[in-house]
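Hydrogens, waters and symmetry mates are skipped; everything else that's a heavy atom, side chains included, is used.
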Amino acid sequence: MACLSSATGASVSQVVMGAIQVYIVEDTGWDIGTLSIAVTAGTWCSGILAPFAGALADRYGPRVLTTLGLVVVGCALLAISAVNTSTPWPFFAAYIVARTVSNPFLIGLVPRTATVNFFRRRRGVSLAINGMARPVGGAINIQIISLIAVTHSWRASYGYVGLFMMAMTVPVFLIMRRTPEEIGMLPDGDRPAPGPASESPSAGGRRAGRRAPVGAQEFSWTAREAMKTRAYWCIAGTAVLAIIASAGLGYILVPFLVSESGPGLSNPQAVGVGALGAVLAMTTLAWGFLADKFGPRPCMVTTITGAVLTGLFLATGVHSLWTAYLFAVLWGFFSNTVGTLEHMLLAQYFGRGSFGAILGSLGPLQTTALGAAPVFGSYLLTFTHSYSVVFIVLMAMYAGAGLLILLAKAPQLPPRATESQSDPGIAPATV
């Protein structure tokens with residue numbers, strides 16, 4: 001359910017807007033810069049909401065927050081389906097609300113907090129599965145919205161997605177839970193050690209997987225403790241630079257592919273190339289397996305290096321449809337997993353007890369970067385009149401992200417760690 005909510009929430013992501021903006025512009029007469037303002041405003045508002053959403057995720061979990069998010073975003077998409085072309089302000093208001101709520105409640109923070117709570121030994125793979133939902137869902141949304149935009153209108157496509165979100169609220173509320181302890185389990189499906197204190201009436205008498213191994217406790221940092229480490233700020237810097245580079249490239253990719261200075265593809269061909277890159281985020285699962293085996297930090301260095309080289313190939317070697325598809329394959333393999341690996345690293349370093357609060361504390365920085373990316377990319381293109389220059393600048397930022405992650409070594413445990421040998425888990429009193 002977390003993956004499905006992330007996939008539907010991606011209908012208002014920057015990647016989807018970057019791909020379908022051509023249909024909105026052709027119908028309304030608005031320019032790309034006008035649409036980028038709405039995207040930026042919604043993204044920044046979601047950053048303001050993120051720290052509060054993180055604290056709420058630790059306390060209430062995904063059952064309440066995901067259901068609420070689906071209702072709000074679904075209503076906003078239905079409002080978008082009713083806008084007219086006389087003024088962009090109604091579109092702005094509805095899109096900003098949808099973007100503000102979807103980013104933390106449906107796409108990133110809340111579902112990933114739930115994933116970290118339920119898994120530890122297989123946390124890399126489980127976060128990878130969750131991380132695939134946004135780009136794969138974005139690719140599906142691109143195709144659905146584009147198809148309906150061609151046959152009916154882009155407004156109708158948003159209306160259908162809004163109705164689907166409203167219908168999803170029922171299974172989400174019935175199925176999702178806050179922690180494994182609520183159903184008598186420990187992370188990874190382990191069952192508590194025998195004893196009166198470990199018996200859980202919510203388990204319904206079932207055997208909940210294997211018994212938790214001795215010595216498997218995980219120390220949980222508080223958000224305040226994490227923010228005092230160099231690793232936290234290096235990861236934050238990596239996130240900012242990687243987001244600007246990746247999202248900035250994604251936002252102007254389709255316009256580049258259809259331009260005369262690019263390969264000159266048709267709109268459907270360019271949209272297909274963009275969608276292919278997103279679908280190949282399914283390779284994130286392979287990176288999840290590797291992260292569980294070798295650790296997320298070496299995997300991040302590898303993926304960032306590959307993304308930089310692929311971006312430079314886009315700047316210098318994409319001149320036809322087949323080279324555009326080659327770029328999409330490489331870009332999808334390397335770039336779409338960086339954010340997921342970043343969350344794996346945060347969970348590895350700081351534990352699960354305050355993961356929502358820690359991830360939420362990065363929200364303002366991440367979403368500021370995500371909101372700035374479309375404006376940065378589009379206006380840099382306006383000033384330089386060269387897609388190649390824009391791509392090279394963005395890849396230089398990506399390379400800076402790789403240097404920062406090399407500095408993000410595991411921090412020493414805080415003094416409080418020596419005072420407790422048990423996992424504080426997610427009890428609000430310890431967060």
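- Put simply, the side chain of P411 does not reach to within 4.5 Å of the side chain of R230, judged on heavy atoms.
- Ring-centre distance between F350 and F219: not below the 6.0 Å cut-off.
- For the salt bridge (charged side-chain N to carboxylate O under 4.0 Å, His left out) test, no residue two or more places apart in sequence or in another chain qualifies with R63.
- When only modelled atom types and interatomic distance are considered, S320 and T323 share a side-chain donor-acceptor pair under 3.5 Å.
- A 4.5 Å side-chain heavy-atom check between I129 and C3 finds at least one atom pair inside the cut-off.
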Practice task
Go through the steps for Y23 and S157 under the test side-chain hydrogen bond (donor to acceptor under 3.5 Å, both in side chains), then give the verdict.
Solution key: CA-CA 12 Å; Y23 299 107; S157 61; over 6 Å; no
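- In this structure the side chain of I304 reaches within 4.5 angstrom of the side chain of T238, judged on heavy atoms.
- When side chains are defined from C-beta on, S5 counts as touching M168, because their heavy atoms get closer than 4.5 Å.
- Residues R99 and G42 approach most closely at CG-C, 3.4 Å, considering heavy atoms.
- Close placement of the W287 and F333 rings is indicated, their centers lying within 6.0 Å of each other.
- For the residue pair P187 and R352, the shortest heavy atom distance occurs at CG-CZ, 3.6 Å.
- Contact of the M1 side chain with the T66 side chain is not registered, since no non-hydrogen atoms from C-beta on lie closer than 4.5 Å.
- Here the side chains of F289 and R122 are in contact, with some heavy-atom distance below 4.5 Å.
- Side-chain polar atoms of S81 and Y160 form no donor-acceptor pair below 3.5 angstrom.
- With a 4.5 Å cut-off on side-chain heavy atoms, V73 and F105 do not count as touching.
- Ring geometry, Y158 versus W154: the interplanar angle exceeds 60°, so the pair is classed perpendicular (tilted spans 30 to 60°).
- Residues Y232 and S361 meet the side-chain proximity criterion, which asks for heavy atoms closer than 4.5 Å.
- Summarising the geometry of A307 relative to W331, their closest heavy-atom pair is O-CZ3, 3.4 Å, with the distance given to 0.1 Å.
- Remark: F92 CZ is packed, more than 12 non-hydrogen atoms of other residues, nucleotides or ligands lying under 6.0 Å away.
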